[in-house]
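Next up is a structure, given as structure tokens.
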Amino acid sequence: ILKDSTFYPVFRGGSITGGTGTDMDQDGMQFQAGGGVLVKGTLQLQGGSIQNCTANSGGGVYICDGGDFLMSGGNIEHCVVSGDQNVYGGGVQVSGGGSFWMSGGAILHCAVKRDSAATEVSFGGGGIGIYSGRFTMDGGLVSGCSSDYHGGGIYVSDQTISTVVSGGTVEHCSAAVHGGGIYILNNEAVTMTGGTIADCQAEGGGAVCIQGANGTFDFQDGELI
């Protein structure tokens, strides 16, 4: 549990800063995951901050092995992922059957950076990337995040189990190619029942981009501004 604390007369905030990730090896591919925190159990972010962390995937937080991340406060900010392949989730990356529930707090100015030598196009999710996991957003803020490829705010891969946006705001996010706010790749499990996507931009799909034969965006309520 990461949260703020006080000690009179000085306010003290919990902080994780400057992390560079944990070495991972999946299917013969080696990479650094979870610049700030690697979650295989349960992480609760109630206050404080995870900031200025870097990795190849999950610049701030990487969730795997069925882990759970509950964010109700605090900030994840100025975290960056970079590399030449499979670079996802500048702020948070959900993988391996994990879950991320965001009800408060903010993911700010996080980014996906594509190396100039990159030959593959597996990049996305300046704020949040979801692959083989679950994401629910019913509050909080994703703002000022960017991607050098797809999904400035949120990237939903074809293997994502479910994504539900029922509240909160995604704003001022940008993607160099598609999906300034949200990018959906060949997935039918994305539902928006509330919340706001505002002032986002991309070459295609400023607010939302849906691609692939099975790409679906179930828009029931909310605002695209």
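Values reported hereafter were calculated over all heavy atoms of this structure, with side chains retained and with hydrogens, waters and symmetry mates removed. For this chain, numbers begin at 1 and follow the sequence in order.
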Side-chain donor or acceptor of Thr196 paired with backbone N/O of Ala198 under 3.5 Å: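 Judged by distance alone, no pair lies under 3.5 Å.
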Side chain Asn52, main chain Gly18, donor-acceptor under 3.5 Å: no
Stepwise side-chain contact (heavy atoms from CB on, under 4.5 Å) check, Ile197 with Val208: CA-CA 9 Å; Ile197 301 172; Val208 181; 3.9 Å; yes
Shortest non-hydrogen contact from Ala202 toward Gly180: CB-N, 3.5 Å
Side-chain donor/acceptor of Asn56 to backbone N/O of Gln32, under 3.5 Å: yes
Spacing of Thr193 atom OG1 and Gln220 atom CD [to the nearest 0.5 Å]: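 The CD atom of Gln220 is 6.5 Å from OG1 of Thr193, to the nearest 0.5 Å.
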Separation between OG of Ser99 and CZ of Arg134, rounded to the nearest 0.5 Å: 5.5 Å
Point-to-point distance, once rounded to the nearest 0.5 Å, from CD1 of Ile184 to CD1 of Ile210: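 Rounded to the nearest 0.5 Å, the CD1-CD1 separation comes out at 5.0 Å.
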Under the ring-ring contact (aromatic ring centres under 6.0 Å, His included) test, residues paired with Tyr131 that sit two or more places apart: none
Ile63 with Val87, same ILVMFWY side-chain cluster at under 4.5 Å: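 Ile63 does not cluster with Val87.
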side-chain contact (heavy atoms from CB on, under 4.5 Å) partners of Ser143, counting only residues at least two apart: Leu108, Leu141, Glu171, His172
Heavy-atom closest pair, residues Cys200 and Gly206: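 Scanning both residues, the minimum pair turns out to be CB-O, 3.3 Å.
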Audit row: Ile128, Phe135, side-chain contact (heavy atoms from CB on, under 4.5 Å) steps and yes/no: CA-CA 9 Å; Ile128 301 164; Phe135 172 57; 3.5 Å; yes
Chi angles and distances behind the side-chain hydrogen bond (donor to acceptor under 3.5 Å, both in side chains) call for Ser15, Gln51: CA-CA 8 Å; Ser15 178; Gln51 58 186 348; 3.3 Å; yes
Nearest non-hydrogen partners of Gly35 and Cys53, listed with the distance: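 Looks like C-CB, 3.7 Å.
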Sequence neighbours excluded, every pair satisfying ring pair (Phe, Tyr, Trp, His ring centres under 6.0 Å) that has a member inside residues 190-222: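 Every pair satisfying ring pair (Phe, Tyr, Trp, His ring centres under 6.0 Å) with a residue in residues 190-222: Phe217-Phe219.
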For Gln30, side-chain hydrogen bond (donor to acceptor under 3.5 Å, both in side chains) partners two or more places apart: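 Counting only residues at least two positions away or on another chain, Gln30 forms no side-chain hydrogen bond (donor to acceptor under 3.5 Å, both in side chains).
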Atom of Ser157, atom of Ser132 and distance for their closest heavy-atom approach: OG-N, 4.3 Å
Over 12 non-hydrogen atoms of neighbours within 6.0 angstrom of CD in Gln211: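 Atom CD in Gln211 is crowded, with more than 12 foreign heavy atoms closer than 6.0 Å.
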Verdict with supporting geometry, Arg114 and Asp148, salt bridge (charged side-chain N to carboxylate O under 4.0 Å, His left out): CA-CA 6 Å; Arg114 182 179 181 182; Asp148 281 351; over 6 Å; no
OG on Ser49 to NE2 on His78, rounded to 0.5 Å: 10.0 Å
Side chain Asn187, main chain Ala189, donor-acceptor under 3.5 Å: yes
Distance in Å, Ser162 OG paired with Glu188 CD, rounded so as to fall on 0.5 Å steps: 13.5 Å
Heavy-atom donor-acceptor pair, Asn186 side chain to Asn214 backbone, under 3.5 Å: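 Answer holds: yes.
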Check: Ile107 and Cys145 side chains under 4.5 Å, non-hydrogen atoms: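 The answer is yes, as the side chains (C-beta and beyond) meet within the 4.5 Å cut-off.
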Side chain to side chain, Ser166 and Met137, heavy atoms closer than 4.5 Å: no
Exercise: identify the closest heavy-atom pair between Gly133 and Val94: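 Here Gly133 and Val94 meet closest at CA-CG1, 3.9 Å.
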Those residues that, when tested against Asp138, pass side-chain hydrogen bond (donor to acceptor under 3.5 Å, both in side chains) (two or more places apart):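 Listed in chain order: Trp101.
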Common cluster, Val142/Val156, ILVMFWY with side-chain heavy-atom separation under 4.5 Å: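 They do share one cluster, since a chain of ILVMFWY contacts under 4.5 Å joins Val142 to Val156.
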Residue among Val164, Ile130, Thr163 satisfying side chain to side chain contact (heavy atoms under 4.5 Å, CB included) with Val190: Thr163
Ring geometry between Tyr155 and Tyr88 (parallel below 30°, tilted from 30 to 60°, perpendicular above 60°):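 Correct class here is tilted.
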Atom pair CG (Leu2) and CG (Leu43), whose distance is rounded to the nearest 0.5 Å: 7.5 Å
Side chain to side chain contact (heavy atoms under 4.5 Å, CB included) partner of Cys110, chosen from Cys173, Cys79, Ser147, Ser146: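 For Cys110, the side chain to side chain contact (heavy atoms under 4.5 Å, CB included) check succeeds only for Cys79.
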Polar side chain donor-acceptor pair, Gln93 to Ser95, under 3.5 angstrom: yes
Thr191 side chain vs Asp218 backbone, donor-acceptor pair below 3.5 Å: no
same_hphob_cluster(Leu70, Val61) at 4.5 Å side-chain heavy-atom cutoff: no
Hydrophobic cluster of Met24, others only, ordered by chain and residue number, side-chain cut-off 4.5 Å: Met29, Phe31, Leu38, Tyr62
Joint cluster assignment, Ile76 & Ile182, ILVMFWY side-chain distance < 4.5 Å: yes
Stepwise side-chain contact (heavy atoms from CB on, under 4.5 Å) test for Asn75 and Ile50: CA-CA 6 Å; Asn75 294 333; Ile50 299 170; over 6 Å; no
ILVMFWY cluster, Val170 and Met102 together (side-chain gap under 4.5 Å):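 Yes, Val170 connects to Met102 through the hydrophobic network.
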Test side-chain contact (heavy atoms from CB on, under 4.5 Å) applied to Phe69 and Val92, step by step: CA-CA 10 Å; Phe69 177 28; Val92 178; 3.9 Å; yes
